Amino acid sequence: RGGLRIMKKVLLTLIAVLMAVPAFAIEVYNNGENAVDIYGTLRGYIGYGHGVDGVSDTTDDNFLYGIQGNSRIGVRLKVGNFSGQVELGAVEATLYGRSNESNVSNVSNVGLRQAWGAYSFGNAGALLAGKTDTPTAMGGFISDIMDTDGGLNGFGGSTTGSRRFQIQYNVAGLSIALIENDMAYGPGVSYGYTDGDETIPRLGLSYTYKNPSLLVKVAATYSALNGTINAPVSDTRWATVHAFGVALGLKPTFMDGKMWLSVLARYGMNEELYGEAKTVYNGGLMAHSSIGNYVGVQADGTVDNVQRAAVALELGYNVNDMIAVIVGGGYQHSMIDALAYDVGSYAVFLQAPIKISGNFALIPQFTYTGTRLDSDNKDSLVLAMQARITF
């Protein structure tokens, strides 16, 4: 009991300090062109969730609390034309496996979220090598905190973070990347598929335009997975699974930045194989649940693809420097060859972030979701509050 009192006093003291000081990273060194600083964020949540399964006629009520896996700490440095970043995440796959802010699979350990170095050629652009977000990660458009700040991914949004090892060239808003192809290490394909061999590195491309009143981003990615199959004849056949995605984000601001409108759209095929899309439902929890992986190769070489079309909207207004009001929603339509029906998933949310200081914010959010699978209806409502400490 005494230990709990001490921990409570330490936490209350930390919150009081964070409320009193402006936001800052810890500056370790700064000498003109050379600089090193330490930064981080701790994100926890508490709340209540209620899930309904229409076919089984069951309900789940859940008391929700925990520390989010996208809590992290890192170091940024700049030495002349060279810059770099190393960041540890609470839940992250350092090398192989799927680990995104909105899609964590089979990972439960601390790992490297960011580990890259870049050299700037001035107006000729910059060359980056290491682990960072892919060009098709679409953060900054949808503020939804569910599913580890997932931005409504699976319910009309798009992945907010998709970190992979890559070589990336950036110039004047244009990003071109050759990305680690981990399709064979992901959920995999089913049925007659027995072995996998990536034919090319994943390709990624995006263009971002930003000024004080407008943010626009267009992005695309493509990869392919070759594999042998066990055919019901004497010969061995090959099948190729194609995976691609295109995304568009538009976010104008009005009233001197006090109001904004975000529009986000994405279309893709088999994108779960590299972790940038999914078909989900919510069972009254902070995390969403997958309805399964249905990308498959049949014995005759026919590929069962999964196509997804998604759109999300958000409208926000800064009431004052401390409080904002945000309303958003989205819809995703999943066309699954292996099933006799399509899957529709939608969500709406109301959020009222409270900025206590530059270092500390409370983000309450009410969310309603629905997923339609043939005759099955899976619905949920979640009322939760995120506490976000940043330095």
Side-chain angles (χ1 to χ4, degrees), residues 7-8 10-19 21-26 37-49 62-76 85-94 98-105 107-114 132-133 137-154 157 159-163 282 285-288 314 316 322-324 326 328 347 349-367 382-391:
M7 290 178 62
K8 182 178 179 181
V10 171
L11 181 59
L12 291 174
T13 301
L14 176 61
I15 292 174
V17 171
L18 292 172
M19 290 172 62
V21 298
F24 64 94
I26 300 173
D37 61 73
I38 300 173
Y39 65 93
T41 179
L42 177 65
R43 304 184 184 199
Y45 61 87
I46 187 170
Y48 163 80
N62 306 287
F63 176 59
L64 310 174
Y65 63 94
I67 301 297
Q68 292 188 182
N70 61 341
S71 299
R72 66 253 194 193
I73 187 169
V75 177
R76 288 184 291 252
Q85 184 177 6
V86 177
E87 181 179 283
L88 291 176
V91 178
E92 185 77 13
T94 297
R98 202 58 38 79
S99 183
N100 307 313
E101 290 180 1
S102 55
N103 182 16
V104 177
S105 176
V107 179
S108 60
N109 55 282
V110 174
L112 283 172
R113 283 175 56 94
Q114 304 275 349
T132 191
D133 274 313
M138 301 294 287
F141 291 95
I142 304 296
S143 305
D144 165 47
I145 64 171
M146 294 279 290
D147 208 33
T148 322
D149 298 303
L152 292 180
N153 190 16
T159 181
T160 56
S162 180
R163 295 168 296 280
N282 185 277
L285 301 171
M286 284 296 286
H288 305 320
E314 175 179 295
M322 184 177 180
I323 300 174
I326 302 171
F349 72 91
L350 175 63
Q351 187 184 106
I354 305 167
K355 186 178 180 181
I356 308 299
S357 76
N359 298 92
F360 184 56
L362 296 174
I363 307 174
Q365 178 175 308
F366 172 81
T367 309
V382 175
L383 179 61
M385 184 172 66
Q386 182 188 97
R388 184 180 299 184
I389 298 173
T390 305
F391 67 90

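Being a predicted model, the structure only gives us computed values, none of them experimental.
- Counting all heavy atoms, side chain and backbone alike, Thr367 lies closest to Phe349 at OG1-CB, 3.9 Å.
- How far CG of Leu152 is from OG1 of Thr159: 12.5 Å, rounded to the nearest 0.5 Å.
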Worked verdict on Thr390 versus Asn359 for side-chain contact (heavy atoms from CB on, under 4.5 Å): CA-CA 5 Å; Thr390 305; Asn359 298 92; 5.5 Å; no
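- For the pair Thr41 (side chain) and Ile389 (backbone), a donor-acceptor distance under 3.5 Å is present.
- In this structure a side-chain-to-backbone donor-acceptor pair under 3.5 Å is present from Asp133 to Ser162.
- Of the residues Met146, Gln365, Arg43, Met286, the one that meets the side chain to side chain contact (heavy atoms under 4.5 Å, CB included) test with Gln386 is Arg43.
- At a threshold of 4.5 Å between non-hydrogen side-chain atoms, the residues Leu112 and Arg163 do not count as touching.
- Glu92 has no carboxylate O lying under 4.0 Å from a charged side-chain N of Arg72, or vice versa, which leaves the two without a salt bridge.
- The two residues Tyr45 and Ile67 come nearest to each other via the heavy atoms CE2-N, 4.4 Å.
- The CZ atom of Phe360 sits 15.0 Å away from atom CZ of Phe391, with the distance rounded to the nearest 0.5 Å.
- Of the inter-residue distances, the one linking Met385 atom CE with Ile354 atom CD1 reads 7.5 Å to the nearest 0.5 angstrom.
- For Gly161 against Ala137, the heavy-atom pair with the smallest separation is CA-CB, 4.2 Å.
- Pairing each heavy atom of Ala90 with each of Gln68, the nearest pair is CB-O, 4.1 Å.
- Annotation: Tyr65, atom OH; neighbour count of heavy atoms from other residues, nucleotides and ligands within 6.0 Å does not exceed 12.
- Here the closest heavy-atom approach between residue Met322 and residue Ile356 is recorded as CE-CD1, 4.0 Å.
- Between the CD1 atom of Ile326 and the CG atom of Asp144 there is a distance of 10.5 Å, given to the nearest 0.5 Å.
- Taking every heavy atom of both residues into account, Gly358 and Lys355 meet most closely at CA-CE, 4.0 Å.
- The closest donor-acceptor contact from the side chain of Asp147 to the backbone of His288 lies under 3.5 Å.
- A distance of 5.0 Å separates CZ of Arg113 from CD of Glu87, quoted to the nearest 0.5 Å.
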Worked check of side chain to side chain donor-acceptor pair (under 3.5 Å) between Tyr39 and Gln85: CA-CA 11 Å; Tyr39 65 93; Gln85 184 177 6; 2.5 Å; yes
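- Taking CZ of Arg388 as the reference point, atom CG of Leu42 lies at 11.0 Å (rounded to 0.5 Å).
- Using modelled atom types, one side-chain atom of Thr160 and one backbone atom of Asp149 make a donor-acceptor pair closer than 3.5 Å.
- Leu285 places a side-chain heavy atom less than 4.5 Å from the side chain of Leu64.
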